[in-house]
Amino acid sequence: MPTPTQTEMFMHTLRAMTDGDEHTRRELPETVRESLGLTDADASELTGSGIPAYQSRIGWAISYLNRARYIDRVGAGAYRINGTGIDALERSPDPRGFAGEMNSTIARIDPWRKSADNPSDAQPDQVSETMTDDAANDARQSPDEELSRILSEFEGSLSDELLGFVGDCSPKFFEKLVVDLLEKMGYGEGSVTRYTRDGGIDGIVSTDELGFNPIYTQAKHCADGNKVGRAEVQAFIGALNGARNGIFITTSEFTQDAIDCARGCKTSTISLVDGRMLASLMIKYDLGVATERIIKIKRVDRDYFDM
């Protein structure tokens, strides 16, 4: 059979998960391919950037199904279908109807289109229209606005996938990743430490050649749902022993008590970076990601014609 369209792939991906087992982003494309019976010739279709089309469409499907809460993230890059997903399959047996219901659910509970500066920018009635390959969609936005929305969707999916890979890495590698990120951001040269004291320092970044005012880091590798609490931030502050700058980075989130603790620290400036911010910074500073292709958007140079 030919590679299913993106609209069809949402349902096929979820159906491949109805065994109730955990499925990872790395493994699921081959599981879906096998369930569909795609031959090598079928799977040879490539996207414009050279990626197998079925892999790209399944990757997008995972992100959308997760945002619709049809699947739960149960580990580092691992997902399992839940009751809501099973009910959605039973209600909508055809791919187009299923995709329509899924997009409506995302629009209601987790809209894609959010700006970093103003989350209220989300427009539920404009969510995910391009992902249903429906040529009859109303043109509610200008091409510039539509391009911005698509780029936002793409970065959201990339962020999800990137966090999955970060979650798969070892705690020791994660400590190095944090130091690498600060170096990429231009803070200075860093190194991973071997400290073992409680709330220990995982890395040090020198902000100048003489080592004045170093930045101390702690990298906390947490499973989904396990938030970093006040006690862990307090232990980190204690380990700083009065040092001026500290950054605590986690793959998950911080509790409000932990955030308040960092803000209330009188002896040091403490920055907290959660998983979402970490992924955003990695994308911005090209750590763990590679440029797939560059598209130039051109406009008329009005100044040239201003005679």
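Hydrogens, waters and symmetry mates are skipped; everything else that's a heavy atom, side chains included, is used.
For the 3.5 Å distance criterion, the side chains of T7 and T5 fail to qualify, holding no donor opposite an acceptor. Side-chain contact, R25 with S63: a donor N or O sits under 3.5 Å from an acceptor N or O. Inspection of the H12 and E8 side chains reveals no N or O donor paired with an N or O acceptor under 3.5 Å. If you check the side chains of R276 and S159, you find a donor sitting under 3.5 Å from an acceptor. When only modelled atom types and interatomic distance are considered, D160 and S157 share no side-chain donor-acceptor pair under 3.5 Å.
By the 4.5 Å heavy-atom criterion applied to side chains, I270 and L240 are counted as neighbours. Annotation: side chain of V179 is not in contact with side chain of E175 (no heavy-atom distance under 4.5 Å). The closest side-chain heavy-atom distance from L46 to P52 is below 4.5 Å. When side chains are defined from C-beta on, M9 counts as touching I58, because their heavy atoms get closer than 4.5 Å. Looking only at side-chain heavy atoms (C-beta outward), E22 and V74 come within less than 4.5 Å of each other. With contacts defined as side-chain heavy-atom distances shorter than 4.5 Å, the pair L14/T18 does not qualify.
In this structure, F10 and Y64 have tilted ring planes: the angle between them lies in the 30° to 60° band.
Y70 meets the ring pair (Phe, Tyr, Trp, His ring centres under 6.0 Å) test with F98; sequence neighbours excluded.
Each of L182, N245, I215 was compared with T207 under the side chain to side chain contact (heavy atoms under 4.5 Å, CB included) criterion, and only I215 meets it.
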